[in-house]
Amino acid sequence: MTEPLLVARGVGHAFGRTQVLADVSLELAPGRLVVVAGPNGAGKTTLLRVLAGTLRPDAGEVRLQGSALSDLSRREIARRLAVVPQESHVPFPFSVREMVALGRAPFLGPLGREAPIDRAQTERALAELELEGLAGRAYPTLSGGEKQRVLLARALVQGVPTWLLDEPTAHMDLGHGLQCWERVRGWIEAEPGRGCLLVTHDLLLAARFADELVLLDRGRVAAS
C-alpha cells in the first residue's frame with residue numbers, strides 16, 4: 001500500500017477562545033487532487049497553515065511523508081512540501097525571475113549559489129507559466145493574477161511531491177483560472193508521486209477536476 005504524502009488526524013486549533021478547527025482528519029495520497037471547500041470562516045486557510053507547519057495544532061497530529069511535521073525543520077519541510085498562498089508579501093522588490101528562483105532555495109548549498117540545473121529549472125517554470133515576458137518586472141508591480149502565476153511557478157521549480165494551494169485562482173480571470181486547474185491536474189498526472197491539496201470556493205471546477213472533495217463547516221469536516 002502506498003504511503004500517504006500528507007495525513008491529518010484529529011486536528012484542532014483555536015485562536016484564543018474561538019475554536020477554528022475541531023477534529024479534522026484527511027489524507028493526501030500520491031496521484032490525487034484533494035479539494036477543501038466551504039463557506040467563509042469555515043477554517044480552510046487555518047487548516048492549510050496547520051498542514052504547512054506555520055501553525056501548530058492544539059490537538060491531533062500532522063504527518064508529512066511518514067514524519068511528524070512537528071519534528072521537521074522549516075528547511076526539511078520545504079524540501080518535501082510546496083505552498084502557494086493567496087498572496088505573498090515580500091520585503092524587497094524582487095524580480096519575477098528572482099521570485100521563481102526562490103523555490104530552489106531549500107536545495108542550495110551554504111553559500112546559496114545556484115547551479116546550472118537550478119537556473120534551467122527556473123527558466124522552464126517561467127516558460128510553462130507564460131512568464132518570460134514578465135521575468136524582469138518587479139513582483140510587487142504585477143496584477144493579482146500574474147502574482148498567482150509567479151507563485152505557482154515557484155512551487156513548480158521547487159520540485160517537491162506535496163503541494164498545498166490556497167485559492168490559487170482567486171485573482172485570475174475565467175480563462176487563466178480554468179488553465180490553472182488544468183495545469184495542476186496535468187502536473188499531478190505527469191508525476192505519479194505528486195499530490196495536491198487545494199482550497200477553493202469554486203465547487204463547479206472542484207467537481208470537474210478533484211479526486212476527492214472535503215467540505216468544511218465551522219471548523220469540522222461536514223462531508224467527504
Side-chain angles (χ1 to χ4, degrees), residues 1-88 103 105-107 151-152 154-156 158-168 184 187-188 191-201 203 206 209-224:
M1 184 175 178
T2 304
E3 182 178 61
L5 295 169
L6 189 66
V7 178
R9 287 284 178 265
V11 165
H13 188 80
F15 293 108
R17 296 184 178 182
T18 303
Q19 191 72 34
V20 181
L21 297 174
D23 197 27
V24 174
S25 297
L26 55 80
E27 287 189 5
L28 174 64
R32 305 276 286 178
L33 173 56
V34 174
V35 171
V36 176
N40 289 334
K44 302 184 300 297
T45 296
T46 300
L47 174 61
L48 208 74
R49 291 174 65 191
V50 169
L51 295 176
T54 57
L55 276 181
R56 278 187 175 271
D58 300 328
E61 182 187 38
V62 178
R63 300 189 71 83
L64 177 61
Q65 295 170 35
S67 301
L69 197 64
S70 57
D71 292 340
L72 301 175
S73 69
R74 293 307 308 166
R75 185 179 180 87
E76 289 171 325
I77 292 172
R79 288 182 170 187
R80 306 183 189 192
L81 174 71
V83 180
V84 177
Q86 288 190 40
E87 51 187 279
S88 181
F107 304 96
L151 298 179
L152 283 166
R154 186 177 68 182
L156 183 62
Q158 207 169 326
V160 295
T162 310
W163 286 30
L164 301 178
L165 277 58
D166 191 4
E167 297 278 5
V184 171
W187 289 332
I188 293 170
E191 296 285 344
R194 180 180 287 158
C196 176
L197 186 144
L198 187 154
V199 166
T200 187
H201 282 91
L203 291 177
F209 289 100
D211 296 303
E212 181 180 354
L213 181 61
V214 178
L215 298 178
L216 283 188
D217 183 32
R218 288 171 287 187
R220 295 180 179 272
V221 175
S224 177

Enquirer: More than 12 non-hydrogen atoms from neighbouring residues, nucleotides or ligands closer than 6.0 Å to CZ on Arg9, yes or no?
Expert: yes
Enquirer: Pick from Val221, Leu26, Val20: which one makes a side chain to side chain contact (heavy atoms under 4.5 Å, CB included) with Leu47?
Expert: Leu26
Enquirer: So how far is it from Leu28 CG to Gln65 CD, rounded to the nearest 0.5 Å?
Expert: 10.0 Å
Enquirer: Could you walk me through whether Thr54 and Val83 pass side chain to side chain contact (heavy atoms under 4.5 Å, CB included), step by step?
Expert: CA-CA 11 Å; Thr54 57; Val83 180; over 6 Å; no
Enquirer: Decide yes or no for Arg74 and Ile77: does some side-chain heavy atom of the first lie under 4.5 Å from some side-chain heavy atom of the second?
Expert: yes
Enquirer: Any heavy-atom pair between the side chains of Val214 and Val24 that's under 4.5 Å?
Expert: no
Enquirer: So which heavy atom on Gln158 is nearest to which on Gly103, and how close?
Expert: CG-O, 3.3 Å
Enquirer: With a 4.5 Å cut-off on side-chain heavy atoms, are Arg80 and Val160 touching?
Expert: no
Enquirer: Please report the C-alpha distance between Lys44 and His201 in whole Å, then the side-chain angles of each, then the deciding distance to 0.1 Å, and finally whether the side chain to side chain contact (heavy atoms under 4.5 Å, CB included) criterion is met.
Expert: CA-CA 10 Å; Lys44 302 184 300 297; His201 282 91; 3.8 Å; yes
Enquirer: Minimum heavy-atom separation for Pro39 and Asp217, please, with both atom names.
Expert: CG-OD1, 4.2 Å
Enquirer: Would you say that Leu81 contacts Leu51 through its side chain, given a criterion of any heavy-atom pair below 4.5 Å between the two side chains?
Expert: no
Enquirer: Just how far is it from atom CZ of Phe15 to atom CG of Asp58, taken to the nearest 0.5 Å?
Expert: 9.0 Å
Enquirer: Please find the pair of heavy atoms, one from Pro168 and one from Val199, that lie closest to each other, and give the distance.
Expert: CD-O, 3.8 Å
Enquirer: Return the CH2 to CG distance between Trp163 and Leu156, rounded to the nearest 0.5 Å.
Expert: 5.0 Å
Enquirer: Which heavy-atom pair separates Pro4 from Pro30 by the least distance, and what is that distance?
Expert: CA-CD, 4.4 Å
Enquirer: Is the closest side-chain heavy-atom distance between Ser224 and Glu212 below 4.5 Å?
Expert: yes
Enquirer: Do Val34 and Leu6 make a side-chain contact, defined as non-hydrogen atoms from C-beta onward lying under 4.5 Å apart?
Expert: no
Enquirer: What's the shortest heavy-atom distance between Leu213 and Ala37, and which atoms?
Expert: CD1-CB, 4.0 Å
Enquirer: Below 4.5 Å, heavy atoms only, C-beta onward: do Leu198 and Phe209 meet side chain to side chain?
Expert: no
Enquirer: Taking atom OG1 of Thr2 and atom CZ of Arg32, what is their separation to the nearest 0.5 Å?
Expert: 11.5 Å
Enquirer: State, to 0.1 Å, how close Pro106 and Ala78 come at their nearest heavy-atom pair, and which atoms those are.
Expert: CG-CB, 3.5 Å
Enquirer: Working to the nearest 0.5 angstrom, can you tell me the gap between Leu151 CG and Gln86 CD?
Expert: 11.0 Å
Enquirer: Could you check whether any side-chain N or O of Asp166 sits under 3.5 Å from a backbone N or O of Thr45, counting only pairs where one atom can act as donor and the other as acceptor?
Expert: no
Enquirer: So do Leu165 and Cys196 actually touch side chain to side chain, heavy atoms under 4.5 Å?
Expert: yes
Enquirer: Just do the side chain to side chain contact (heavy atoms under 4.5 Å, CB included) check on Leu164 and Val36 with the steps written out, would you?
Expert: CA-CA 11 Å; Leu164 301 178; Val36 176; over 6 Å; no
Enquirer: Show the numbers, then the answer: is there a side chain to side chain contact (heavy atoms under 4.5 Å, CB included) between Thr200 and Glu167?
Expert: CA-CA 5 Å; Thr200 187; Glu167 297 278 5; 4.0 Å; yes
Enquirer: Is it the case that the side chain of Gln19 and the backbone of Leu21 share a donor-acceptor pair, with hydrogens and angles ignored and the cut-off at 3.5 Å?
Expert: yes
